[in-house]
Amino acid sequence: MTYWLMKSEPDEFSIDDLRLKKEARWDGVRNYQARNFIRQMAIGDRIWFYHSSCKKVGIAGIMKVVGTHYPDPLALDETSPYYDEKSLENNKWSAIDVAFERKFESTYLLSDIKRLAETDQRLTDFALTKKGSRLSVMPVSEAQWECVMAEIESR
DNA sequence: GCCAACGTTGGC
DNA sequence: GCCAACGTTGGC
């Protein structure tokens, strides 16, 4: 099992939306690096649900992978903002199904993560806090996961 | 709303 | 293959 982080703007889709639906398709990823990470995901992998571009930027909870990746139907949907006319011949984008696991009592903020990274070397290579990183899907090492989870549990 | 940083496109 | 122009991401 591996760990991941995926970003979503809560105005579009939030941890509360996922909790209500219980399961959802994670689609609309239009970056090759992020797509390739989706293709590496396996059933049972756990994912931090990250809220971006909002008031409380940070990790809002946990979800898990409940299927293997498949072609993103939005890429072929002309009415979708994620429509990609260049994918018509062979859909090059991928989606994956995820399920709600838990929501934290409060979002573990990006500022908290950055502060933790100053003192905990396990976060030195964390893609999220690397300058200029805009990846919406990224791997998390087991050490990084445990380091941040320990902080969250001890609040 | 601003803007730094990044990814993609396309002319050459 | 280079790189300028453009579009997007996402924190602030």
Side-chain angles (χ1 to χ4, degrees), chain A residues 2-21 24-41 45-65 69-98 100-141 144-145 147-152 155:
Chain A
T2 43
Y3 298 99
W4 309 92
L5 178 148
M6 296 208 284
K7 298 177 181 175
S8 176
E9 299 187 14
D11 289 346
E12 298 288 324
F13 187 70
S14 73
I15 187 93
D16 291 319
D17 295 327
L18 180 61
R19 179 162 60 178
L20 277 174
K21 293 178 66 176
R25 184 177 71 214
W26 203 274
D27 50 22
V29 171
R30 294 293 177 269
N31 170 283
Y32 289 108
Q33 212 181 337
R35 180 205 67 183
N36 292 342
F37 285 136
I38 284 178
R39 291 182 174 179
Q40 292 172 34
M41 291 178 180
D45 283 0
R46 300 173 82 206
I47 309 166
W48 278 328
F49 194 131
Y50 181 91
H51 283 174
S52 67
S53 298
C54 60
K55 250 185 169 173
K56 291 181 181 170
V57 169
I59 303 167
I62 299 175
M63 51 191 168
K64 61 188 172 192
V65 175
H69 69 89
Y70 51 92
D72 184 350
L74 294 187
L76 308 181
D77 177 359
E78 282 185 60
T79 66
S80 167
Y82 297 106
Y83 176 64
D84 179 6
E85 59 187 18
K86 293 180 206 156
S87 295
L88 283 180
E89 291 281 308
N90 65 355
N91 189 347
K92 61 187 178 186
W93 300 114
S94 296
I96 198 159
D97 291 336
V98 296
F100 177 82
E101 185 170 310
R102 65 180 279 210
K103 178 189 177 183
F104 301 143
E105 285 180 30
S106 62
T107 296
Y108 191 68
L109 301 174
L110 176 61
S111 55
D112 296 331
I113 299 167
K114 284 180 174 170
R115 185 165 30 74
L116 186 58
E118 286 175 11
T119 57
D120 199 314
Q121 300 202 337
R122 290 175 289 182
L123 293 178
T124 304
D125 291 324
F126 191 21
L128 183 72
T129 46
K130 286 246 166 120
K131 191 182 174 191
S133 170
R134 301 181 310 169
L135 263 186
S136 64
V137 179
M138 68 186 72
V140 177
S141 74
Q144 288 159 357
W145 183 276
C147 158
V148 173
M149 287 309 298
E151 278 296 302
I152 290 172
R155 290 184 297 180

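Naming: A, B, ... by sequence-line order, numbering from 1 per chain.
Counting to the nearest Å, the P atom of C:dG7 and the OH atom of A:Tyr82 are 19 Å from each other.
Every ring-ring contact (aromatic ring centres under 6.0 Å, His included) that A:Trp4 has, sequence neighbours left out, goes to A:Phe37. Judged as a side chain to side chain contact (heavy atoms under 4.5 Å, CB included), and not counting sequence neighbours, the contacts of A:Glu9 are A:Glu12, A:Ser52, A:Ser53. For the side-chain hydrogen bond (donor to acceptor under 3.5 Å, both in side chains) test, no residue two or more places apart in sequence or in another chain qualifies with A:Ser8. With sequence neighbours left out, A:Lys103 forms a side-chain hydrogen bond (donor to acceptor under 3.5 Å, both in side chains) with A:Asp16. With sequence neighbours left out, A:Tyr32 forms a side chain to side chain contact (heavy atoms under 4.5 Å, CB included) with A:Arg35, A:Lys92, A:Trp93.
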Which pairs, protein N/O on one side and nucleotides 8-12 of chain C N/O on the other, fall under 3.5 Å?
from: C:dT8; atom 1: O2; to: A:Arg134; atom 2: NH1; distance (Å): 2.4
from: C:dT9; atom 1: O3'; to: A:Arg134; atom 2: O; distance (Å): 3.4
from: C:dG10; atom 1: OP1; to: A:Lys7; atom 2: NZ; distance (Å): 3.2
from: C:dG10; atom 1: OP1; to: A:Arg134; atom 2: O; distance (Å): 2.6
from: C:dG11; atom 1: OP1; to: A:Tyr50; atom 2: OH; distance (Å): 2.7
from: C:dG11; atom 1: OP2; to: A:Ser53; atom 2: N; distance (Å): 2.9
from: C:dC12; atom 1: OP1; to: A:Lys114; atom 2: NZ; distance (Å): 2.9

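Proximity of A:Lys131 to the phosphate of B:dA5: a side-chain N or O atom is located under 4.0 Å from OP1 or OP2.
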